[in-house]
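As the structure is a prediction and not an experimental result, all values here were calculated from the model. Excluded from the calculations below are hydrogen atoms, water molecules and symmetry mates; all remaining heavy atoms, backbone and side chain alike, are included.
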Amino acid sequence: MGYSAAFVSLPLFYKQSQNSFVQIFSFGMGINYGQIANNLPSPSRVAILLGSLNISRVKLYDADPNVLLAFSNSNVDFIVGLGNEYLQSMTDPIKAQIWIEQHLLPHLTRTKINSILVGNEVFNSNDSHLFSYLLPAMQTVYRVLVNLELDKQVAVTTAHSLTILGNSYPPSAGTFREDLAQYIQPLLKFHSEINSPFLINAYPYFAYKDNPDQVSLEYVLFQPNQGMIDPNTNLHYDNMLYAQIDAVYSAMKAMGHTDIEVRVSETGWPSKGDANEAGATPQNAGLYNGNLLQRIAQRQGTPAKPSTPIDVHVFALFNENLKPGPASERNYGLYYPDGTPVYNIGLQGYLPEFISASDKNALSIFSSLVFLIACFICA
């Protein structure tokens with residue numbers, strides 16, 4: 001089956017599931033596109049899959065030129081990553097400029113890149129040298145963007161695990177770890193000055209896995225439950241993710257900042273795990289991500305920030321068979337590498353079997369067709 005079959009499958013799917021199709025066009029979900037695997041489809045095929053799902057926001061962990069080229073002239077906005085191994089060299093303005101000239105500039109005229117993620121979960125490591133490199137690296141990358149007059153087009157940020165919090169309960173009492181304050185305080189000042197978001201990788205799954213007898217499964221899966229009331233604010237929380245986001249807002253407020261938006265750069269639930277990884281099942285993964293997508297579609301905010309819709313990149317697009325660690329690490333994907341959904345949450349996309357060289361030029365036409373169908377449905 002070649003590329004042209006994509007043009008046939010969309011109307012067929014629309015007829016079968018109009019309501020689900022409209023929802024897919026409207027919810028604005030972002031996705032993490034990890035590639036620690038040896039069996040993934042080519043980026044050109046992935047471009048068609050994401051086009052069929054109308055997913056227009058993608059986060060990479062590098063600046064893979066093959067991916068950025070495959071999405072040329074598409075409607076997809078990318079966050080590209082600078083790995084932790086680059087942090088020290090990125091404190092050098094010359095090396096930072098070379099990286100941007102080699103990895104960013106060749107693609108900007110054809111592919112939308114809205115952010116550079118400088119480092120990932122740096123404070124989750126035991127390397128204090130990395131801690132001290134993070135902010136200077138971000139500042140240097142930003143200055144290069146300013147010099148190239150790209151700072152309004154491309155934001156500079158980094159992503160944090162929730163281990164940066166010293167306290168997260170209740171959400172209104174959220175604080176950062178005292179040992180990280182010397183790093184986070186100036187980092188927040190920088191975010192405020194350049195108006196860039198504060199990104200967190202938030203996984204309620206971890207809390208449930210570590211304490212399945214004490215943490216309500218319904219609470220972490222967005223299922224009906226009693227929830228909890230923050231005694232300081234009387235705000236009601238019916239899920240853990242929103243509580244985690246608001247705990248970060250409270251931690252920033254404790255450091256004097258109410259002017260920085262918190263966004264979720266990763267969240268998800270594994271469909272499979274080792275014997276000691278409680279809750280890692282396809283059913284729970286489907287409930288977590290399916291319920292989350294509904295809330296994204298409703299443009300919900302958290303109890304403390306009701307007028308700010310949650311901004312989420314789900315982890316992850318594919319199962320990645322070469323990721324180290326427990327079995328769960330290899331089973332966060334919404335899809336198997338052959339394009340089959342791991343579980344059904346209404347995301348019935350299309351992954352072609354192959355793409356010829358001439359078909360690659362049709363990707364922009366395909367994206368336009370998807371957009372026109374969406375307009376027709378919503379009219």
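Between Arg143 and Asp151 there is no salt bridge, since no side-chain nitrogen of the basic residue lies less than 4.0 Å from a carboxylate oxygen of the acidic one. Under the 4.0 Å criterion applied to side-chain N and carboxylate O atoms, Asp246 and Lys253 are not assigned as salt-bridge partners. Under a 4.0 Å N-O distance rule, the pair Glu277/Lys272 does not qualify as a salt bridge.
Within the structure, ring pair (Phe, Tyr, Trp, His ring centres under 6.0 Å) pairs that include any residue of residues 223-258 do not occur (at least two apart or interchain).
Partner of Tyr183 under the ring-ring contact (aromatic ring centres under 6.0 Å, His included) criterion, out of Phe131, Phe190, Phe176: Phe131 alone.
Within 6.0 Å of atom NZ in Lys323, more than 12 heavy atoms from other residues, nucleotides or ligands are found, so the atom counts as buried in its surroundings. For Gln226, the CD atom is loosely surrounded, since the number of other residues' heavy atoms within 6.0 Å does not exceed 12.
Side-chain atoms of Asn195 never come within 3.5 Å of backbone atoms of His191 as a donor-acceptor pair (strictly under, hydrogens ignored).
Taking the six-membered ring for Trp and thresholds of 30 and 60 degrees, Phe315 and Tyr332 have ring planes more than 60 degrees apart, a perpendicular arrangement. Between Trp99 and Tyr86, the angle of the ring planes goes over 60°, which puts this pair in the perpendicular group of the 30/60° scheme.
Residues Asn319 and Asn321 have side chains not in contact (no heavy-atom distance under 4.5 Å, counting atoms from C-beta outward).
Residues Tyr203 and Glu266 bring a donor and an acceptor atom of their side chains to less than 3.5 Å of each other.
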